[in-house]
Number of protein chains: 2
Amino acid sequence: MRWRDLKDESCSMARTLSVIGDRWTLMILRDCFVGLRRFEQFEASLGITRHVLADRLKKLVDEGVLKKAPYREGPVREEYRLTERGFDLYPVMLSIVQWGDQHMADERGAPVVRRHANCGHIVHGKMICADCGEDLDPRDMSVEIGPGFAPAKENQAR
Amino acid sequence: MRWRDLKDESCSMARTLSVIGDRWTLMILRDCFVGLRRFEQFEASLGITRHVLADRLKKLVDEGVLKKAPYREGPVREEYRLTERGFDLYPVMLSIVQWGDQHMADERGAPVVRRHANCGHIVHGKMICADCGEDLDPRDMSVEIGPGFAPAKENQAR
DNA sequence: CAGATAAGTTCTAAAAAGGAACTTAACAAC
DNA sequence: GTTGTTAAGTTCCTTTTTAGAACTTATCTG
């Protein structure tokens with residue numbers, strides 16, 4: 001299967017990865033969440049090639065994750081800002097960062113931490129079931145076909 | 001910057017992505033969470049080339065996310081199973097899937113759902129602050145240097 | 001008018017991925 | 001005891017993507 005065909009899979013994982021599952025895309029989004037907005041800021045921060053950066057930014061704009069906004073007249077300069085759809089990726093970011101803090105940090109601890117304005121504590125996000133409030137363990141889940149399931153191809157055709 | 005250098009960045013996001021930030025790796029892990037374990041199962045499920053699959057499985061084993069276990073004597077057949085480190089990626093999976101359910105599904109809804117054994121409900125995971133219990137909003141976070149921060153290169157050298 | 005800036009684009013070489021066939025090692029069936 | 005099958009890879013060759021560096025375009029600054 002080609003990568004671009006993932007968008008058409010009957011799987012939200014595959015569909016999401018068709019948007020953000022790229023080597024550099026999540027790194028660009030990390031920078032967006034830290035407040036970077038301009039082409040050259042991303043370039044300097046990531047050491048990505050300009051070519052790939054331009055391509056990924058375009059894709060993120062096409063997918064509605066970022067939006068372009070001119071910040072200067074004259075020689076039009078655009079900046080890239082997260083849309084609501086982009087902000088909704090925060091749990092993805094945070095869970096990735098937390099896995100890294102837990103499993104990839106040295107004995108000194110996390111390289112970067114986030115402080116929560118509400119409680120003043122260093123943030124430890126945790127995933128709970130919105131219904132019962134329990135911590136989620138993959139071993140407690142059973143997978144079922146959902147309402148939007150399409151049985152491989154047939155239903156576009158006829 | 002080359003992709004493989006991400007492991008050395010002082011950022012948990014970059015470090016984690018050096019393990020799972022590959023086009024196919026998260027798709028392989030999705031299959032692991034659904035219970036697939038063998039080379040040919042992954043191949044059939046993903047339509048990935050055998051070459052890339054072999055490479056990604058090896059990397060995941062090297063990183064301690066999967067472990068190989070022989071399931072037959074004679075012609076040794078190995079299967080790949082999640083380690084604890086692998087199971088810890090569940091929040092990452094779930095948050096990615098939920099973004100897809102929310103933003104990439106058609107009007108009929110999610111293609112696949114998960115039921116929670118504890119409460120019997122369809123699972124809607126949510127990220128809360130482990131300290132104050134509030135929902136996490138990126139706009140309530142401030143980023144700070146953590147204990148494991150390394151100021152770009154110098155501290156390996158001397 | 002000579003830079004400097006910002007955001008790209010173009011070009012070539014190197015690396016990675018796709019696709020199909022080949023390998024290995026044991027068992028099973030004829 | 002040759003033929004076939006299964007599982008997990010490798011090999012080989014082609015097509016796509018990336019890396020890296022230079023070039024372009026359209027202003028603003030001194």
Side-chain angles (χ1 to χ4, degrees), chain A residues 1-9 14 17-28 31-32 35-63 66-81, chain B residues 1-9 14 17-29 31-32 35-63 65-81:
Chain A
M1 193 198 307
R2 287 300 176 82
W3 183 253
R4 55 179 164 277
D5 300 330
L6 278 187
K7 206 192 326 286
D8 305 319
E9 290 280 293
L17 291 180
S18 77
V19 180
I20 60 163
D22 177 82
R23 278 193 152 86
W24 287 110
T25 302
L26 281 165
M27 290 297 292
I28 294 170
D31 278 0
C32 290
L36 304 198
R37 291 179 183 165
R38 299 188 194 173
F39 193 90
E40 306 225 329
Q41 289 179 314
F42 294 122
E43 193 200 353
S45 160
L46 299 173
I48 189 178
T49 57
R50 304 170 75 77
H51 193 83
V52 174
L53 177 57
D55 182 74
R56 296 305 180 273
L57 287 172
K58 184 172 174 336
K59 278 183 185 155
L60 286 169
V61 170
D62 290 347
E63 297 286 355
L66 298 180
K67 64 187 170 219
K68 265 173 124 158
Y71 65 88
R72 195 170 90 188
E73 293 299 313
V76 183
R77 294 288 172 262
E78 307 278 5
E79 59 181 17
Y80 296 87
R81 317 184 64 148
Chain B
M1 195 196 309
R2 287 299 175 81
W3 183 254
R4 55 180 165 279
D5 300 330
L6 278 187
K7 207 191 327 286
D8 305 318
E9 289 281 293
L17 291 180
S18 77
V19 179
I20 60 163
D22 178 82
R23 279 195 152 86
W24 288 110
T25 302
L26 281 165
M27 290 297 290
I28 294 171
L29 288 170
D31 279 0
C32 291
L36 304 197
R37 292 180 182 164
R38 300 188 194 173
F39 193 91
E40 304 226 331
Q41 291 179 313
F42 294 123
E43 194 200 353
S45 159
L46 299 174
I48 188 177
T49 58
R50 304 168 76 77
H51 193 83
V52 174
L53 177 57
D55 182 74
R56 295 304 182 274
L57 287 172
K58 184 172 174 335
K59 278 184 185 156
L60 286 169
V61 170
D62 290 347
E63 298 285 356
V65 172
L66 298 180
K67 63 188 169 220
K68 265 173 124 156
Y71 65 88
R72 195 169 91 189
E73 294 299 314
V76 183
R77 293 290 173 262
E78 308 277 8
E79 58 181 18
Y80 295 87
R81 317 183 64 148

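In what follows, chains carry the letters A, B, and so on, assigned in the order in which the sequence lines appear, proteins first and then strands, with residues in each chain numbered from 1.
In this structure, A:W24 and A:V52 approach most closely via the heavy-atom pair CD1-CG1, 4.0 Å. Pairing each heavy atom of A:F39 with each of A:L53, the nearest pair is O-CD2, 3.4 Å. For the pair B:D22 and B:R56, the tightest heavy-atom approach, listed with the atom from each and the gap, is OD2-NE, 2.8 Å. Considering every non-hydrogen atom in both A:L26 and A:I20, the closest pair reads CG-O, 3.6 Å. Closest heavy-atom contact between B:A14 and B:E9: CB-CB, 3.7 Å. B:F42 and B:L57 get closest at one heavy-atom pair: CE1-CD2, 4.1 Å.
When the C1' atom of D:dT25 is taken as reference, atom CD of A:E40 falls 14 Å away, rounded to whole Å. Taking atom CD on A:E43 and atom C1' on D:dA19, their separation rounds to 12 Å, with Å as the unit. For the pair B:R37 CZ and D:dA7 P, the computed distance is 16 Å after rounding to whole Å. Protein atom NZ of A:K59 is 15 Å distant from nucleotide atom P of C:dG8, rounded to whole Å. Counting to the nearest Å, the C1' atom of D:dA7 and the NZ atom of B:K68 are 12 Å from each other. Rounded to whole Å, the distance from CG on B:L36 to P on D:dA8 is 12 Å. Whole-Å rounding puts the A:Q41 CD to C:dT5 P distance at 15 Å. Residue B:F39 contributes atom CZ, which lies 13 Å from atom C1' of D:dT6 at whole-angstrom precision.
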**Request:** Give the C-alpha distance, both sets of side-chain angles, the deciding distance and a yes or no for side chain to side chain contact (heavy atoms under 4.5 Å, CB included) between B:D31 and B:M27.
**Result:** CA-CA 6 Å; B:D31 279 0; B:M27 290 297 290; over 6 Å; no
**Request:** Could you go through the side chain to side chain contact (heavy atoms under 4.5 Å, CB included) check for B:L29 and B:L66 one step at a time?
**Result:** CA-CA 9 Å; B:L29 288 170; B:L66 298 180; 4.2 Å; yes
**Message:** Applying salt bridge (charged side-chain N to carboxylate O under 4.0 Å, His left out) to A:K67 and A:E78, what does each step give before you reach the verdict?
**Reply:** CA-CA 10 Å; A:K67 64 187 170 219; A:E78 307 278 5; over 6 Å; no
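B:Y80 comes within contact range of the sugar-phosphate backbone alone, with a heavy-atom separation under 4.0 Å but no base atom that close. Counting any heavy atom pair closer than 4.0 Å across all strands shown, A:K58 reaches no nucleic acid atom.
From one end of the helix from C:dC1-D:dG30 to C:dC30-D:dG1 to the other, with five pairs defining each end axis, the axis direction shifts by 0° (rounded to 10°).
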Short heteroatom pairs, N/O only, protein and nucleotides 16-19 of chain C, under 3.5 Å:
{"residue": "C:dA17", "atom": "OP1", "partner": "A:R23", "partner atom": "NH1", "Å": "3.3"}
{"residue": "C:dA17", "atom": "OP1", "partner": "B:R56", "partner atom": "NH2", "Å": "2.6"}
{"residue": "C:dA17", "atom": "OP2", "partner": "B:R56", "partner atom": "NH2", "Å": "2.9"}
{"residue": "C:dG18", "atom": "O3'", "partner": "A:R2", "partner atom": "NE", "Å": "3.0"}
{"residue": "C:dG18", "atom": "O3'", "partner": "A:R2", "partner atom": "NH2", "Å": "3.4"}

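With hydrogens and angles ignored, a donor-acceptor pair closer than 3.5 Å exists between the side chain of B:R50 and the base of D:dA8.
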